[in-house]
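Have a look at the structure below, then the notes.
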Amino acid sequence: MPELPEVETTARILKTVLVGKTITSIEIFSKKQFPNDPKLIIGSKITDVDRRAKILVIYLDNNYLLITHLKLTGQLVFAGPGRSTRIVFRFADRSALFFNDLRKFGWIKILKKSQFNIDTFDNLGIEPLSNKFTQNALINIFGKTRRAVKVVLMDQKLIAGIGNIYANEALFLAKINPQRPANSLLEKEIIALKKAIIKVLKDGIKYQGTSADDDAYIKPDGSKGSNQNYLLVYQKAGQKCPNCQKIIKRTTIGGRGTFFCPSCQK
DNA sequence: CTGCGGTCCTGAAGGC
DNA sequence: TGCCTTCAGGACCGCA
């Protein structure tokens, strides 16, 4: 599933390819996933591509911009269409961008630039790779709630961009049990967790995202990322912990599959 | 405040 | 072989 590293990878690639292109037509096969009037942006030129949390932002040279959330199975790719193609953008140079989404949870919206502020949009929380992601900020966030630390990590209104894969991996690296109440974390554990979050996200970007077996994420050119080769616990229930060799367990926290080593993560 | 369950959606997997 | 049920999951919403 596309999380911060996957959306960041996609945004960086799209930026190098799409900037300067003029949108000549938009084909919509799933209206609910593109609820606005495409005429608003026909003829506009793409000026920049950026990311906020798991949201990709495409800036245009008129009064509008596009934002898209890939959710579970969304893809933005250059080749197509395919069986799950829901929206197609065609450009003046005859190239195209295909929005594929098997489960149809993702969306693309047109917003007025005057109504969009990338920092305050949708009450999203701190970007974990920004300088606002400080030890004090985390102490503040975790100290306020007794919810499970994993649920807090994935709460987009608090910390923005972490999904199930990277939450599992970060908690393993920090040796913290995902079920722990957030406000039970010691300061040294918060420091370790902060470091772990930054490491798993930066590695995720370095390896251009996680394309797990049942994962829909691929890069715009259709190729896979390679971070799945470096995962330590995600989807590894029944396998040996790379740290202590005991068996990795799967449980459900906040309704989501959670992978951890009961021996290492206390 | 918190946890839980339902909603959206589709294909894979399991049961018989 | 084939039908039917169950499940996964990001974000959001209503309920207790």
Side-chain angles (χ1 to χ4, degrees), chain A residues 1-8 10-11 28-35 51-57 67-76 80-87 98-109 111 120-128 140-171 177-185 197 200-201 204 209-218 228 231 233-238 249-260:
Chain A
M1 63 213 72
E3 304 179 27
L4 187 154
E6 289 74 33
V7 180
E8 177 70 24
T10 301
I28 300 165
F29 306 111
S30 175
K31 184 78 174 64
K32 58 160 284 198
Q33 296 184 269
F34 195 109
R51 176 196 63 76
R52 169 78 168 109
K54 302 176 193 173
I55 291 171
L56 191 117
V57 186
I67 59 171
T68 175
H69 197 310
L70 301 172
K71 292 289 182 86
L72 303 178
T73 57
Q75 305 173 331
L76 288 167
R83 195 150 297 263
S84 65
T85 296
R86 313 300 183 197
I87 295 151
F98 299 85
F99 175 74
N100 301 336
D101 189 6
L102 178 68
R103 300 251 195 295
K104 297 186 172 181
F105 285 177
W107 45 256
I108 301 177
K109 294 173 185 170
L111 289 188
T120 58
F121 178 71
D122 207 23
N123 294 316
L124 288 165
I126 302 173
E127 282 288 328
N140 214 12
I141 287 169
F142 290 130
K144 280 189 177 132
T145 178
R146 59 181 172 81
R147 293 156 77 203
V149 58
K150 177 162 181 266
V151 172
V152 175
L153 281 188
M154 293 173 65
D155 186 332
Q156 302 302 303
K157 302 282 191 276
L158 300 176
I159 302 169
I162 300 174
N164 204 25
I165 298 173
Y166 295 94
N168 277 294
E169 294 294 307
L171 287 164
N177 188 301
Q179 192 68 262
R180 285 267 300 281
N183 63 6
S184 76
L185 266 60
I197 290 167
V200 297
L201 294 177
T210 303
S211 300
D213 288 346
D214 65 344
D215 189 71
Y217 167 73
I218 51 174
Q228 64 276 12
L231 297 177
V233 290
Y234 180 70
Q235 286 187 337
K236 295 195 183 290
K249 298 281 188 195
R250 181 192 192 278
T251 184
T252 300
I253 296 177
R256 276 163 221 124
T258 299
F259 303 86
F260 68 109

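The side chain of A:Lys104 places an N or O atom within less than 4.0 Å of a non-bridging phosphate oxygen (OP1 or OP2) of B:dT10. Contact check, A:His69 against C:dG10: no side-chain N or O comes under 4.0 Å of OP1 or OP2. For C:dC7, neither phosphate oxygen OP1 nor OP2 lies less than 4.0 angstrom from any side-chain nitrogen or oxygen of A:Arg103. Using a 4.0 Å cut-off, no side-chain N or O of A:Thr73 falls inside it from OP1 or OP2 of B:dC9. Within the structure, every side-chain polar atom (N or O) of A:Lys71 is placed at least 4.0 Å from both OP1 and OP2 of B:dC8. For A:Gln156 and C:dA11, the shortest distance from a side-chain N or O to OP1 or OP2 is below 4.0 Å. Phosphate contact (OP1/OP2 of C:dC12, side-chain N/O of A:Lys157, threshold under 4.0 Å): present.
Among the atoms of the strands shown, only primed sugar atoms or phosphate atoms (P, OP1, OP2) are found under 4.0 Å from some heavy atom of A:Asp122. Residue contacts for A:Thr145: at a heavy-atom cut-off of 4.0 Å it reaches the sugar-phosphate backbone alone, with no base atom in range. Within the 4.0 angstrom heavy-atom criterion, only backbone atoms of the sugar-phosphate kind lie near A:Gly257; the bases stay farther away. When heavy atoms are screened at a 4.0 angstrom cut-off, A:Arg256 is found touching base atoms of the nucleic acid.
Aromatic stacking is not marked for A:Phe105 over C:dA11, as the cut-offs of 5.5 Å for the centres and 30° for the planes do not both hold.
Between the CZ atom of A:Arg147 and the C1' atom of B:dC4 there is a distance of 13 Å, rounded to whole Å. Atoms CD (A:Gln33) and C1' (C:dA11) sit 14 Å apart, rounded to a whole Å. Regarding A:Ile67, its CD1 atom lies at a distance of 14 Å from the C1' atom of C:dA11, rounded to whole Å. If you take NZ of A:Lys109 and P of C:dA11, they are 12 Å apart, rounded to a whole angstrom. The CG-P distance, from A:Asn123 to C:dA11, rounds to 14 Å in whole Å. When the C1' atom of C:dG10 is taken as reference, atom CG of A:Leu70 falls 12 Å away, rounded to whole Å. Rounded to whole Å, the distance from CZ on A:Phe99 to C1' on B:dC9 is 13 Å. In this structure, A:Lys32 places its NZ atom 15 Å from P of C:dA11, rounding to the nearest Å.
Between A:Leu111 and A:Phe121, some side-chain heavy-atom pair lies under the 4.5 Å cut-off. Residues A:Leu70 and A:Leu56 fail the side-chain proximity criterion, which asks for heavy atoms closer than 4.5 Å.
Minimum heavy-atom separation, A:Leu231 to A:Lys236: O-CE, 3.1 Å.
When the options A:Leu171, A:Asp155, A:Ile162 are evaluated for a side-chain contact (heavy atoms from CB on, under 4.5 Å) with A:Lys150, the one that passes is A:Leu171.
With hydrogens and angles disregarded, a donor-acceptor distance shorter than 3.5 Å links the side chain of A:Thr73 to the backbone of A:Arg103.
Side-chain atoms of A:Arg146 lie closest to B:dT2 of the nucleotides C:dG9, B:dT2, B:dG11.
Between A:Tyr166 and A:Glu6, the side chains place a donor N or O and an acceptor N or O closer than 3.5 Å (distance only, hydrogens not considered).
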